[in-house]
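A short write-up of the structure that comes next.
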Amino acid sequence: MTKYSACIEMLFVPESADPVERVRLAKAAGFEAVEFWLWSNKDLDGIERVLGETGITLAGIVAEPFAELTRAGDHDQFLVGLEKSRDVALRLGAKVLICQSGPLLDGIDRARQHDDLTLAMARSADVLQGSGVRLGLEPLNDLVDHPGYYLTSTVEALDIMDKVDRPEIGITYDLYHSMVMGEVPEEVVGNRARHIVHVHVADHPGRNQPGSGGLDLKRPLGWLAAQGYDGFVGLEFRPTAGTGEALAQMRSSLS
C-alpha cells in the first residue's frame, strides 16, 4: 500500500493560507503524513501542536540554507544550517531532510563540482550520524523548472551515493523531474533503489496532479515498491482546481 505525503506548499493552498490549517485539512482528507519546504518561515510551535493534535507524521522538510554545494567554500555555511535543520526535524519527528546541489558553476570544471558535491554529502553524513535523520539529495530538471541547475542526472546522484556509502545520505527521487529529463526510472535507478530516501510525484506538462498530463506514474511507483521502497511518496504538485478534485483525479490515475 503506497504511503502518500501531502506537500502543504502546494496542496490545500487554494483552501487556506495557513500551513497549520493545511495540516488539519490533510488529516480530514485522509492523509497520515505531510511535508513542507522551509521550516524557517513556519510557526514551528503551531506545527508541532497540530502534528500532535492530528497524529499526522511529518515526512520531510528542506535542509536550510540553500547553498552551492558544488562549491567547497559554501559547505561550512550549509553544515551549520544542517545542524539546525536536523534539530528541527528531530523536534517535529521528520526522518528526512531534502537538499539540492545548487547551480552548475561557470568557470569551474564539472568534475571538480562533482567532487565538491560528493564531499558535501560525506560531511553531511557526519552531522547526521546517530540522529536517525537522513538527507536526500534531489536531482531536478533544468529543461522546465530549474534552468542552470547542476544535478539533473539520477545516475550521477546515485554514483555519488555509492561513493559516499553512508546510511545517513541518499537521494530524493522525484519522478516528475526525472521523467521530464527523459529518464526511464527503471533504467536509471536499476539495482540502486536502496539509496532512495524519499519520492516525489507530479504530472507533465504543468507539474499538476497525476492524471492531468502524459506521464505514466503508476508503473514506476509500482516498480519502486517492488524494489523494496517503502517510504513516503510526496505529492508535490499544483492542483489545477480545488485540492479535493485534484486528489480524486490522482487516486483514479494511480489506483
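The chain is numbered in sequence order, starting from 1. Only heavy atoms go into these numbers, but all of them, side chains included; no hydrogens, no water, no symmetry mates.
The hydrophobic cluster around Ile108 extends to Leu105, counting ILVMFWY residues whose side-chain heavy atoms fall within less than 4.5 Å of a member. Applying the under-4.5 Å side-chain rule to Ile, Leu, Val, Met, Phe, Trp and Tyr, the cluster around Val96 extends to Ile98, Val197.
Between the CG atom of Leu119 and the CD1 atom of Ile160 there is a distance of 11.0 Å, given to the nearest 0.5 Å. One distance of note links NE2 of His75 with CG of Leu69; it measures 5.5 Å at 0.5 Å rounding. Atoms CG and NZ, on Asp87 and Lys84 in that order, are 10.0 Å from each other to the nearest 0.5 Å. Separating the CH2 atom in Trp39 from the CG atom in Leu58 is a distance of 13.0 Å, to the nearest 0.5 Å. Between atom NE2 of residue His204 and atom CG of residue Leu143 there is a gap of 8.5 Å, rounded to the nearest 0.5 Å. The distance from atom CG of Leu135 to atom OG of Ser85, rounded to the nearest 0.5 Å, is 9.5 Å.
Here the rule is side chain to side chain contact (heavy atoms under 4.5 Å, CB included) with Thr154, and of His195, Glu187, Glu183, Arg192 only Glu183 fits it. Screening Asp216, Leu217, Leu221 for a side chain to side chain contact (heavy atoms under 4.5 Å, CB included) with Arg219, the sole residue that qualifies is Asp216.
With salt bridges taken as basic N to acidic carboxylate O contacts below 4.0 Å, one links Asp162 and Arg194. A salt bridge links Arg110 with Glu156: at least one charged nitrogen is closer than 4.0 Å to a carboxylate oxygen.
Scanning for side chain to side chain donor-acceptor pair (under 3.5 Å) contacts around Glu15 gives Thr243, with sequence neighbours left out.
The aromatic rings of His200 and His198 stand perpendicular to each other, their planes meeting at an angle above 60°, with 30° marking the opposite boundary.
Under a cutoff of 6.0 Å and an axis angle of 45°, Arg24 and Phe12 do not form a cation-pi pair. Note that Arg112 lies outside the cation-pi zone of Tyr150, set by a 6.0 Å cut-off to the ring centre and a 45° limit from the axis.
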Residue pair Gln209, Thr240: steps toward the side-chain hydrogen bond (donor to acceptor under 3.5 Å, both in side chains) verdict: CA-CA 7 Å; Gln209 64 270 13; Thr240 51; 2.8 Å; yes

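Within 6.0 Å of atom CD in Glu21, more than 12 heavy atoms from other residues, nucleotides or ligands are found, so the atom counts as buried in its surroundings. The neighbour count for Lys95 NZ, taken as heavy atoms of other residues, nucleotides or ligands under 6.0 Å away, does not exceed 12.
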